Protein chains: 2
Amino acid sequence: MGATKTEHFTEEQNELAIIAKALGHPARIAIIDYLLSVNTCICGDIVNELPLAQPTVSQHLKELKNAGLIKGNIEGNAICYCINHEAFDTLRQYFDNISKHVKNGKNNCC
Amino acid sequence: MGATKTEHFTEEQNELAIIAKALGHPARIAIIDYLLSVNTCICGDIVNELPLAQPTVSQHLKELKNAGLIKGNIEGNAICYCINHEAFDTLRQYFDNISKHVKNGKNNCC
DNA sequence: TTTATATATTGCAATATTACGATATATAGA
DNA sequence: TCTATATATCGTAATATTGCAATATATAAA
């Protein structure tokens, strides 16, 4: 009891859930927002942008990285982070499909 | 300690995180998938589609509803559920913007 | 080599989520 | 009214997440 029953769902469903879950925290949305606002790779600096302690930010970055939403390369003393296109393209496609699907369907009964 | 520090983030960031979080579980992705596959409102029947006990499914439906991802209307004995366009359009727009943003930027350094 | 800086890991407390049995509620139909 | 069916709520155990202090690691610069 308590743990998510991943084995009952498809690989696609589990994968999508993992990506969505990674975005399911305001600090991690804020990190993505920041990476988008600077519009380039950013080396260091992310910890100072967030109202959280360094270990907490490090943890959030790890989760975004595990979900494939960001990439990080060691750049001398700091780490250079940036958005990972592919993951966001996957999400864009998923929600684009849903929007199209819903528009063609008859989901207007509620 | 332990609780998410929502007060430090913008309303947009918190809202988006809430929606993403609601999709951050395979059972809830499966519910959305099912509602899309039937392509119409579905009255009752959702519990039988999932490999989880009825109270658990009820809980997941509640979370999707709270996040605004689905709508539910009482229809006699059963409840009629369907996808909520608006929430998914919000998500589509968000990820569409990110894709565009990233393509125009110089995020290819990593 | 020593010191400063950046990031990760560990350990732990507080809180949240997941799942389900038992039970409540509410409508439909006999 | 009584019974069946559909869904929600309650209570609770198992597990996961969040946040941070302390500490480890690793590179840069002095």
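Owing to the predicted nature of the structure, the values given are computational and were not obtained by experimental measurement. The sequence lines fix the lettering, A, B, ..., with proteins before strands; numbering per chain opens at 1.
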* Rounded distance [0.5 Å steps], SG in A/C43 versus CD1 in A/I74 -> 11.5 Å

* Of the nucleotides C/dA8, D/dA8, C/dA19, which has the atom closest to the B/I79 side chain? -> D/dA8

* Structure fact -> note: B/I18, atom CD1; D/dT17, atom P; distance rounded to Å ~ 18 Å

* To do: Report the nucleotide, chosen from D/dT18, C/dC20, C/dA26, that has the shortest atom-to-atom distance to any side-chain atom of B/A53.
  => C/dC20

* Asked: With a 4.5 Å limit on heavy-atom distance, are the side chains of B/L52 and B/H60 in contact?
  -> yes

* Structure fact -> A/L50 CG to D/dT18 P, in whole Å, measures 14 Å

* Asked: Reckon A/K21 has a side-chain N or O less than 4.0 Å from the OP1 or OP2 of D/dT17?
  -> yes

* Inter-residue atom distance B/T90.OG1 - B/F88.CZ, 0.5 Å rounding -> 10.5 Å

* Asked: How long is the line joining CG of A/D45 and C1' of C/dT7, in whole Å?
  -> 14 Å

* Is there a chain of hydrophobic side chains (I, L, V, M, F, W, Y, each step under 4.5 Å between heavy atoms) that links A/I18 to B/I31? -> no

* Asked: Nearest-Å distance, CG (B/N73) to P (C/dT27)?
  -> 15 Å

* Taking only N and O in the side chain of B/T56, is any of them less than 4.0 Å away from OP1 or OP2 of C/dT18? -> no

* A/K5 vs C/dC20: side-chain N/O to OP1/OP2 distance below 4.0 Å -> yes

* **Nearest to side-chain heavy atoms of B/T4, which nucleotide of C/dT18, D/dG19, D/dT7** => D/dG19

* **Pairwise 5' ranking along DNA chain C for A/A78 and A/Q59, keeping only the more 5' one** => A/A78

* For the residue pair A/H25 and B/F9, categorise the inter-ring angle as parallel (less than 30°), tilted (30 to 60°) or perpendicular (more than 60°). => perpendicular

* **Beyond-backbone contact of B/L16 with B/E12, side-chain heavy atoms, under 4.5 angstrom** => no

* A/L52 CG to D/dT17 P: how many Å, rounded? -> 17 Å

* If you find the nucleotide of DNA chain D closest to A/I74 and the one closest to A/P51, which residue's nucleotide is nearer the 5' end? -> A/P51

* **Any N/O donor-acceptor pair, B/Q54 side-chain to D/dA8 base, under 3.5 Å** => yes

* Which residues within residues 60-70 of chain B lie with some heavy atom under 4.0 Å of an atom in DNA chain C? -> B/H60, B/E63

* For the pair made of CD in B/E7 and C1' in C/dT15, what is the distance, rounded to whole Å? -> 14 Å

* **Any B/I32 side-chain heavy atom under 4.5 Å of A/Y94 side chain** => yes

* A/H25 NE2 to C/dT15 C1', straight-line distance once rounded to whole Å -> 11 Å

* Structure fact -> Here the distance between atom P of D/dT27 and atom CG of A/N77, to the nearest Å, is 9 Å

